[in-house]
Amino acid sequence: MSENSDFGNLDETLTRLDALIDQTEDLERIRSGLGMRLALSMAQELQSGKTLGSETSDLVADWVDRFGQETVDAAIGIARAFLTRSDELLKDLGPRLGIKTNPGPAHPDHYDSVEDAP
């Protein structure tokens with residue numbers, strides 16, 4: 001898969017996620033959706049060589065106006081978890097989302113020296 005194709009797929013995913021967030025009325029789902037949206041947007045910034053926050057800071061500021069500070073703070077915590085503990089989250093959430101996961105990392109010693117973020 002080419003890099004342009006990866007960006008296209010991510011753009012499509014972000015568009016679909018935005019639509020789902022707009023249609024959702026459940027506060028916990030909104031927080032989860034915003035957290036996933038933020039994590040993916042931050043990954044997109046990094047992938048394209050932009051400064052982290054160069055685009056997501058405006059996105060977050062808009063969310064504070066639309067959803068309130070408490071919801072945005074929860075979303076930021078969710079985004080942080082996705083960015084720092086994605087393997088754990090995939091293991092826990094994958095089956096519920098219909099995503100097949102491997103029972104363990106491909107390289108069992110890969111995470112031995114990695115500590116959890118505070």
Visitor: Taking salt bridge (Lys or Arg N to Asp or Glu O under 4.0 Å) as the test, write out the residues that go with D18, two or more places apart.
Guide: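 D18 satisfies salt bridge (Lys or Arg N to Asp or Glu O under 4.0 Å) with R37 only.
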Visitor: Got a sec, which residues hit salt bridge (Lys or Arg N to Asp or Glu O under 4.0 Å) with E28, two or more places apart in sequence or on another chain?
Guide: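 Listed in chain order: R31.
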Visitor: How close do I78 and M36 get, counting heavy atoms only, and between which atoms?
Guide: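 Heavy atoms of I78 and M36 come nearest at CG2-N, 4.4 Å.
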Visitor: For A79 and G35, which heavy atoms make the closest approach, and how far apart are they?
Guide: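 What the structure gives for the nearest pair is CB-O, 3.4 Å.
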Visitor: Cut-off 3.5 Å, side chains only: do T51 and E45 have a donor facing an acceptor?
Guide: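 T51 vs E45: no donor-acceptor pair found between side chains.
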Visitor: For V72 versus V64, what's the shortest heavy-atom pair and its separation?
Guide: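 Reported closest heavy-atom pair: CG2-N, 3.5 Å.
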Visitor: Mind listing the closest non-hydrogen atom pair of L10 and Q47 along with its distance?
Guide: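 Looking at all heavy atoms of both residues, the shortest contact is CD2-OE1, 3.9 Å.
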Visitor: Using the side-chain contact (heavy atoms from CB on, under 4.5 Å) rule, take D73 and Q69 through it: C-alpha gap first, then chi angles, then the decisive distance, then the call.
Guide: CA-CA 6 Å; D73 288 344; Q69 188 65 52; 2.7 Å; yes
Visitor: To the closest 0.5 Å, what do you measure between OG (S41) and CG (L46)?
Guide: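 If I round to the nearest 0.5 Å, the distance is 11.0 Å.
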Visitor: Side chains of R66 and T71: does their closest heavy-atom pair fall under 4.5 Å?
Guide: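 No, every pair of side-chain atoms sits at 4.5 Å or beyond.
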Visitor: When hydrophobic residues are tied together by side-chain contacts of less than 4.5 Å, even through go-betweens, does L27 share a cluster with I76?
Guide: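 L27 does not cluster with I76.
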Visitor: Between the side chain of T84 and the main-chain N/O of R80, is any donor-acceptor distance below 3.5 Å?
Guide: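 Yes: the side chain of T84 pairs with the backbone of R80.
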Visitor: Indicate, with yes or no, if L59 and L52 share a hydrophobic cluster defined by side-chain heavy-atom contacts under 4.5 Å among Ile, Leu, Val, Met, Phe, Trp and Tyr.
Guide: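 Linked within one cluster.
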Visitor: Measuring from atom CZ of R29 to atom CG of L20, what distance do you get when rounded to the nearest 0.5 angstrom?
Guide: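 CG of L20 is found 10.0 Å from CZ of R29.
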Visitor: How many angstroms lie between atom CE of M42 and atom CG of L38, to the nearest 0.5 angstrom?
Guide: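 So the gap between those two atoms works out to 5.5 Å.
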Visitor: So K50 and T56, side-chain contact (heavy atoms from CB on, under 4.5 Å) or not? Walk me through it.
Guide: CA-CA 11 Å; K50 295 178 182 174; T56 53; over 6 Å; no
Visitor: For the CZ atom of F67 and the CG atom of D62, what is their distance to the nearest 0.5 Å?
Guide: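 One gets 8.0 Å once the value is rounded to the nearest 0.5 Å.
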Visitor: CG of L34 to CD1 of I21: how many Å apart, nearest 0.5 Å?
Guide: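 Interatomic distance, L34 CG to I21 CD1, rounded to 0.5 Å: 4.5 Å.
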